[in-house]
Amino acid sequence: MNEQKTTEPPRKERRKLRAALRWGATVLAFAVAGTGTAYGLTRLDRTDVPGLSTLGDGRWDYPVLVKPTLPAGAPPAQGH
């Protein structure tokens with residue numbers, strides 16, 4: 001008597017399923033890593049990121065910002 005097991009699906013169907021799950025897991029892992037990196041960088045102040053802090057390192061001297069003088073006879077500026 002030859003009995004065949006019919007409960008196991010063919011190998012090809014499982015191979016495609018495993019490939020799809022593997023690609024899905026890979027995409028999910030990269031999405032989580034990218035989201036975490038973006039969140040971490042956007043939460044930092046510019047001066048906290050290495051290489052972007054130029055405050056007081058002596059490389060650049062910027063003049064103090066002042067408002068320009070108004071022409072003669074111009075009304076004073078309104079607002080802040």
Side-chain angles (χ1 to χ4, degrees):
M1 290 193 191
N2 291 335
E3 292 182 23
Q4 292 181 348
K5 294 181 181 179
T6 58
T7 58
E8 231 179 274
R11 284 290 229 189
K12 287 184 178 181
E13 289 180 20
R14 285 196 175 221
R15 193 166 67 187
K16 288 181 181 180
L17 176 65
R18 286 182 185 164
L21 291 174
R22 193 171 33 239
W23 275 103
T26 302
V27 168
L28 180 65
F30 275 98
V32 168
T35 302
T37 301
Y39 178 76
L41 286 176
T42 58
R43 298 296 302 162
L44 292 174
D45 289 332
R46 182 182 187 275
T47 57
D48 293 340
V49 179
L52 292 181
S53 178
T54 56
L55 184 63
D57 63 0
R59 293 186 293 171
W60 308 101
D61 292 325
Y62 294 105
V64 177
L65 294 176
V66 294
K67 292 183 178 181
T69 58
L70 295 174
Q78 299 285 329
H80 299 272

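Keep in mind it's a predicted model, so treat the numbers as computed, not measured. Just so you know, residue 1 is the first one in the sequence shown, and it goes up from there.
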Throw together a table of side-chain donor-acceptor distances under 3.5 angstrom for residues 28-37, partners on residues two or more places apart or in other chains.
residue, atom, partner, partner atom, Å
T35, OG1, A31, O, 2.8
T37, OG1, A33, O, 2.9

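- In this structure A19 satisfies the side chain to side chain contact (heavy atoms under 4.5 Å, CB included) test together with R22, sequence neighbours excluded.
- Side-chain contacts under 4.5 Å among hydrophobic residues (ILVMFWY), followed directly or transitively, place Y39 with no other residue at all.
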